[in-house]
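Indexing begins at 1, ligand by ligand and atom by atom, following the structure's order. Residue numbers start at 1 and run along the sequence shown.
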Amino acid sequence: MRYIAPSILSADFLHLEKDIELVNEYADIIHVDVMDGSFVPNISFGFPVAEAVARIARKPMDVHLMIVHPEKYVARFVKAGASMVSFHLEAVEAEGNDPAAILDEIRSLGARPGLVINPDIEVSRLFPYLDKVDYVLLMSVFAGFGGQKFIEETYERVRTLRAEAERRGLDLLIEVDGGVSVQNADALAEAGVNILVAGSAVFKAVDPASVIAGMRGQSM
Ligand code: DX5
Ligand code: ZN
């Protein structure tokens, strides 16, 4: 199954409600990027914006935390309406904290837990946690900004992760984020991706609905 998750990072913040309405019917998931200016060199938005998005989104809200110390904030994002919460493995490991405990907490709060890694982190570093996650987000650009160029090595990383999940009989969802477009959606799905996140490809388009259809491999 191929799910499409528009990232509101590329939406028009002055007209966020209008932009979410443009994709509400066509998207499967609404992707919300939280950046702290510390783990990544950019600041996006926090709880009030996530809460506002949750009020009008008719699809599950997927919160991608690009922050240090995610364990301090996961409960508040679930309260804000997140159905899926992911955080960066490399952030938590660098802090000496246990990713498994944070994944368990997200699940106990009633949301689906996910782990994210940047393109320079070995996929095998995820393997100890695969039993604890519902999904893994493989970044296909370095986290921090929308509109970057897709990193081609992502395909191999997806295949490595899919092979490990299959070897262990795990029903793992693989999400890819960064530089995703109609052009690479089919190849990503064939490599084993289930959730395609797209910011600029969707929200900078004249017709976001037809881009989403295109990413599903359909035409409108
Ligand atoms: C980047 C974010 C992405 C971003 C993707 O750090 O995690 O979700 O919105 O933007 P595009 O699709 O424009 O590369
Ligand atoms: Zn993201």
- Query: Which atoms of ligand 1 are found less than 4.0 Å from any heavy atom of M35?
  - Reply: 6 (O)
- So, N42 side chain and G144 main chain: donor-acceptor pair closer than 3.5 Å or not? yes
- Looking at CZ of R157 and OG of S140, how far apart are the two atoms once the value is rounded to the nearest 0.5 Å? 10.0 Å
- Query: the Zn ion (ligand 2): which protein N, O or S atoms are under 2.8 Å away?
  - Reply: H31 NE2, D33 OD1, H64 ND1, D177 OD2
- So, Y155 versus F150, ring centres under 6.0 angstrom or not? yes
- Note on the structure: Taken to the nearest 0.5 Å, the spacing of L115 CG from E90 CD works out to 9.5 Å
- Work out which heavy atom in V78 is nearest to a heavy atom in A111; give both atom names and the distance. CG2-CB, 3.9 Å
- Query: Among protein heavy atoms, which lies nearest atom 10 (O) of ligand 1, and at what distance?
  - Reply: G146 CA, 3.5 Å
- atom 1 (C) of ligand 1 [closest protein heavy-atom partner, distance rounded to 0.1 Å]: F145 O, 3.5 Å
- Item | Proximal atoms of ligand 1 relative to M66 (non-hydrogen, under 4.0 Å) | 6 (O), 7 (O)
- If we only count N/O pairs under 3.5 Å, is A198 in contact with ligand 1? no
- Message: Starting from atom 9 (O) of ligand 1, what is the nearest protein heavy atom, named by residue and atom, and what distance separates them?
- Response: S7 OG, 2.8 Å
- Atoms of ligand 1 close to D177 [distance to a heavy atom under 4.0 angstrom, numbered from 1]: 2 (C), 3 (C), 4 (C), 5 (C), 7 (O), 8 (O)
- Criterion side chain to side chain contact (heavy atoms under 4.5 Å, CB included) against D177, the qualifying member of T154, V116, D33: D33
- Item | Which of the ligand 1 atoms, numbered from 1, are nearer than 4.0 Å to a heavy atom of G147 | 10 (O), 11 (P), 13 (O), 14 (O)
- Query: What protein heavy atom sits nearest atom 6 (O) of ligand 1, and how far off is it?
  - Reply: G144 N, 2.7 Å
- Counting distance only, does the side-chain N/O of Y73 pair as donor-acceptor with the main-chain N or O of I67 below 3.5 Å? no
- Proximal atoms of ligand 1 relative to S200 (non-hydrogen, under 4.0 Å): 11 (P), 12 (O), 13 (O)
- Message: Exactly one of D104, I106, I102 should register a side chain to side chain contact (heavy atoms under 4.5 Å, CB included) with K132. Which one does?
- Response: D104
- For G199, is at least one N or O under 3.5 Å away from an N or O on ligand 1? yes
- Message: Apply ring pair (Phe, Tyr, Trp, His ring centres under 6.0 Å) to residues F39 and F87 and explain how you reach the verdict.
- Response: CA-CA 11 Å; F39 176 67; F87 60 88; over 10 Å; no
- Same cluster or not: are V180 and Y135 linked, directly or through other Ile, Leu, Val, Met, Phe, Trp or Tyr residues, by side-chain heavy atoms under 4.5 angstrom apart? no
- Note on the structure: Per-atom filter on ligand 1: closer than 4.0 angstrom to a heavy atom of H31 are 8 (O)
- Can you find an N/O atom of G179 closer than 3.5 Å to an N/O atom of ligand 1? yes
- Any chance the side chains of N97 and E71 put a donor and an acceptor closer than 3.5 Å? yes
- Item | Element-labelled atoms of ligand 1 that are located less than 4.0 Å from some non-hydrogen atom of G178 | 14 (O)
- Query: In terms of atom number and element, which parts of ligand 1 are under 4.0 angstrom from non-hydrogen atoms of H64?
  - Reply: 7 (O)
- Using 4.0 Å as the upper bound for N to carboxylate O, is an ion pair formed by R159 and E156? yes
- Is the shortest distance from a Lys or Arg side-chain nitrogen in D131 or R168 to a carboxylate oxygen in the other one below 4.0 Å? yes
- Just checking, any donor-acceptor pair under 3.5 angstrom between side chains of E17 and H15? no
- Out of V176, L137, D33, who gets a non-hydrogen atom closest to atom 2 (C) of ligand 1? D33
